[in-house]
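For reference, the structure discussed in these notes is given below.
Naming convention: chains lettered A, B, ... in sequence-line order (proteins, then strands); numbering from 1 in each chain. No experiment lies behind these values; they were computed from the predicted model shown. Values below: all heavy atoms of this structure, side chains included; hydrogens, waters and symmetry mates excluded.
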There are 2 protein chains.
Amino acid sequence: MEGEEPAYVVEETADTVSFLDTRPVFKGHVLIVPRRHVETLADLPPELVVPVFTAAQRHAAAMTTALGADGSFVAMNNTVSQSVPHLHVHVVPRRRKDGLRGFFWPRQRYVEGEAAEYAAIVRAGVAQ
Amino acid sequence: MEGEEPAYVVEETADTVSFLDTRPVFKGHVLIVPRRHVETLADLPPELVVPVFTAAQRHAAAMTTALGADGSFVAMNNTVSQSVPHLHVHVVPRRRKDGLRGFFWPRQRYVEGEAAEYAAIVRAGVAQ
């Protein structure tokens, strides 16, 4: 992202830029980035929360209204699987039976007592 | 979600509730929902953008600070792959080499001229 001009800009606002991901999950897949350098979601300063996520809302709406998708997938990878260390919000058009469902959300199960334990740990972390 | 009490509540605020997903992608996987009924991200009213996404920030931070994860995955499925028609933000702890990378983001390629076409369509949709 640094010094590179994104080839297919979709939207520019005072605080954000969006452009096509050149290797889309599905065609029309957009990345929204804050202009200011922010590494992960947790680092996003309060004044950029509305600019970034209202941009995500407009792009998610455009997936259905303009691209004719049935829905959208909006996601951020923080640190792990994050290709560049600058926050980018993926907005991907989804269609029913687009083949993504089966392997998209592999799931696990909690054993007895384990869920309560995990909830307590995350609860303490969130409350910090 | 309707009428069901989520079993493992993590955080309650005036506008949001979060709780453990009972079938986690990885253990500690949390869902954040606005208390008010909102179906998809595009439907989230402006006054709930900050409450929902600052909650997402706190939970993403807790994945690393409290759970010891290397990073996090924050995502919303809108309509397609959306298990219940009430906006929920997934916050999933991620670890390096957790096995998710390989099949997580299947990618496509644009053929000549196609990216410009898609960018124009989404641009028009976002500008509406």
Next item on the list: Taking B/R23 for its side chain and A/Q108 for its backbone only, find out whether a donor-acceptor pair lies under 3.5 Å.
Entry: yes
Margin query: Report which part of B/E11 has an atom under 4.5 Å of a heavy atom belonging to chain A: side chain, backbone, both, or neither.
Written below: side chain
Notebook entry, point to check: B/A56 versus chain A, heavy atoms under 4.5 Å apart: side chain, backbone, both or neither?
Noted result: both
Note to self: Any carboxylate oxygen within less than 4.0 angstrom of a Lys/Arg side-chain nitrogen, looking at B/E47 and B/R36?
What the structure shows: yes
Notebook entry, point to check: So, do B/Y8 and B/F19 have ring centers that fall under 6.0 Å from each other?
Noted result: no
Item checked: Ring center gap for A/H86 and A/H88 short of 6.0 angstrom -> no
Check: Hey, which residues of residues 118-128 of chain B are touching chain A, say heavy atoms under 4.5 Å apart?
Finding: B/Y118, B/A119, B/I121, B/V122, B/R123, B/G125, B/V126, B/Q128
Margin query: Applying the side-chain contact (heavy atoms from CB on, under 4.5 Å) criterion to B/S18, which one of B/I32, B/V89, B/V33, B/V91 satisfies it?
Written below: B/I32
[X] versus [Y], closest heavy-atom pair with distance:
X	Y	value
B/L87	B/M76	CD1-CG, 4.0 Å
A/A60	B/N78	CB-ND2, 4.4 Å
B/R58	B/T13	NH2-CG2, 3.7 Å
A/H90	A/L31	ND1-CD2, 3.2 Å
A/Y110	B/H29	OH-N, 4.0 Å

Could you tell me which of [options] has the largest number of non-hydrogen atom pairs under 4.5 Å with chain A?
options	value
B/T79, B/L20, B/D70	B/L20
B/K97, B/M63, B/E114	B/E114
B/V30, B/V50, B/T65, B/L44	B/L44
B/T40, B/L67, B/V52, B/D43	B/L67
B/A115, B/P93, B/A61, B/A42	B/A115

Next item on the list: For chain B, find which of A/H59, A/Q57, A/R107 contributes the most heavy-atom pairs closer than 4.5 angstrom.
Entry: A/R107
Notebook entry, point to check: Contact part of A/T64 toward chain B, heavy-atom cut-off under 4.5 Å: side chain, backbone, both or neither?
Noted result: neither
Notebook entry, point to check: Is chain B contacted by the side chain of A/S72, its backbone, both, or neither, given a heavy-atom distance below 4.5 Å?
Noted result: both
Note to self: For B/R35, give me all partners under salt bridge (Lys or Arg N to Asp or Glu O under 4.0 Å), at least two apart in sequence or on another chain.
What the structure shows: B/E12
